[in-house]
Amino acid sequence: MMEIKANGPYRFGETLDYMEHQDDCLYKVIGDEIYKAEWFDGRKVLMKLSESAGGGVIIETPVNEGAGIDEIKGYCEDWLDLDYDLDGFYQFAGKDKRLSGLIDDHYGYRMVGKMDIADAFLWSILGQQITKSFAYVLKRRVVEYCGHHIEYEGEKFYLMPDAGEIAAIDSEVLREMQISTRKTEYIKDVLGSVASGELSKSYLETFDDYDEVFKHLTSFRGIGPWSANTVLMRTLKFRNAVPVGDAGIKNAIRLVDGLDAAPSKKYINEITDQWGRFGMYGTLYMWSALPAK
DNA sequence: GTCCAGGACTCGC
DNA sequence: GCGAGTCATGGA
């Protein structure tokens, strides 16, 4: 058993609440605990996360094929974004008429990251222009097809397949999962590039400049501005990233501003531009204004 | 039946 | 460089 703490405010309950409203096959909320199966250098680990009395997180590993404690701790800190200076964002957001109410409603809410870049790209492609719930169904089909899981107390906990493994799935198989022909092409191309290194996490982490990574990402077919920014947010942790064009941001602004019709692109951009280096958390807290689905 | 989903690409001008 | 059409499918 080990414990990790956050840099500033954190509420485990906010993470639980977020996760319960997703249908992500790569983690499960059971009671007040989060279960996640993950690879550590090819070794499978089942992590069980719960709230600690000190406002942090307790990590247990019911199944561990040999990963080190520090590695697992570091993973969870990164996954739940516990190192981020949330107070810094709150100082900024407290002066913003839209965000100030939202940070009170969801005090201690932090981003849940996507640690696996294959997961991030798969999700950003599947999630294009379809409902989130259907996108989760499609992702589940891909993950379960590959079949990597840990069995524990009668439950199956699935692990993210390797990028190369997904890229190698037959196109017809992906089509049968109701993934469109075009998305099938994107998935095979992009995840193939993850496997070959052009889009690997370690390579993308060598970039410091937002504009340069953005340009590199969007040079691949199937990765547009929205997809690039979702990856920059949740995986590469560029704090200024905002998924421009996102339907959720549009709806949230309409709701918070009490508009009769959907806001224009210009109206939205003027708002998100003001967030600057807090763009990522501005986005997250705006999303939190939407009714949970 | 219509419209919209956590978009991106291609084409025509 | 910008707008319209296309892709796919499910749910309201």
Side-chain angles (χ1 to χ4, degrees), chain A residues 17-27 98 102 106 109 111-114 117 119-142 169 171-193 199 214-238 240-256 259-269 271-272 275 279-293:
Chain A
D17 191 47
Y18 166 78
M19 289 187 174
E20 280 176 340
H21 292 292
Q22 311 302 309
D23 186 26
D24 196 326
C25 57
L26 295 179
Y27 52 74
R98 294 182 185 82
L102 296 171
H106 296 278
Y109 171 54
M111 177 187 71
V112 175
K114 277 203 189 295
I117 199 140
D119 180 12
F121 282 124
L122 178 64
W123 178 247
S124 69
I125 293 168
L126 290 179
Q128 289 169 14
Q129 196 55 25
I130 59 173
T131 56
K132 212 165 53 162
S133 56
F134 186 49
Y136 275 128
V137 171
L138 297 178
K139 175 177 166 180
R140 183 179 300 274
R141 287 177 184 160
V142 174
I169 298 174
S171 299
E172 287 180 21
V173 173
L174 293 170
R175 280 296 293 129
E176 281 165 15
M177 294 178 189
Q178 292 179 287
I179 297 169
S180 70
T181 308
R182 198 135 62 186
K183 286 185 182 176
T184 295
E185 290 170 14
Y186 296 162
I187 288 167
K188 291 178 77 72
D189 287 353
V190 170
L191 295 197
S193 299
L199 283 176
F214 183 83
K215 196 175 162 189
H216 178 66
L217 288 172
T218 52
S219 71
F220 289 80
R221 213 165 148 265
I223 306 176
W226 177 83
S227 299
N229 277 307
T230 59
V231 174
L232 288 167
M233 274 179 78
R234 292 202 192 269
T235 307
L236 301 173
K237 305 253 185 110
F238 276 78
N240 56 330
V242 175
V244 286
D246 180 76
I249 294 180
K250 186 173 67 180
N251 292 338
I253 289 174
R254 179 177 175 179
L255 185 69
V256 173
L259 306 176
D260 294 331
S264 68
K265 212 177 275 185
K266 188 182 285 181
Y267 187 93
I268 296 168
N269 287 344
I271 295 166
T272 57
W275 295 341
M280 179 179 117
Y281 266 87
T283 302
L284 289 170
Y285 276 79
M286 282 305 284
W287 279 339
S288 75
L290 293 167
K293 262 191 267 184

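Just so you know, these numbers use all the heavy atoms, side chains as well, and skip hydrogens, waters and symmetry mates. Reminder, nothing fancy here: chain letters follow the sequence lines and each chain counts from 1.
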Between atom [atom1] in [X] and atom [atom2] in [N], what is the gap in whole Å?
X	N	atom1	atom2	result
A:K265	C:dA4	NZ	P	11 Å
A:R175	C:dC7	CZ	P	12 Å
A:I179	C:dG10	CD1	C1'	15 Å
A:L174	C:dC7	CG	C1'	16 Å
A:I187	C:dA8	CD1	C1'	13 Å

Does a nitrogen or oxygen in the side chain of [X] sit under 4.0 Å from OP1 or OP2 of [N]?
X	N	answer
A:S227	B:dA8	yes
A:N251	B:dC4	no
A:R221	B:dT10	yes

Practice task
For C:dC2 versus B:dA5, give the span between their P atoms, rounded off to a whole number of Å.
Solution key: 23 Å
Practice task
Assign A:T181 to base, sugar-phosphate, or nothing according to its heavy-atom contacts below 4.0 angstrom with the strands shown.
Solution key: sugar-phosphate
Problem - Distance (rounded to the nearest 0.5 Å) between A:W123 CH2 and A:T235 OG1 - result: 13.0 Å
Problem - All stems with DNA chain B, defined as three or more consecutive Watson-Crick or G-U pairs under 3.5 Å - result: B:2-5 with C:9-12, B:7-13 with C:1-7
Practice task
Return the 5'-most residue of the pair A:G222, A:S133 with respect to DNA chain B, ranking by each residue's nearest nucleotide.
Solution key: A:S133
Exercise for the section: Record whether the side chain of A:Q128 comes under 3.5 Å of the base of B:dA8 through a donor-acceptor pair of N or O atoms. Expected result: no
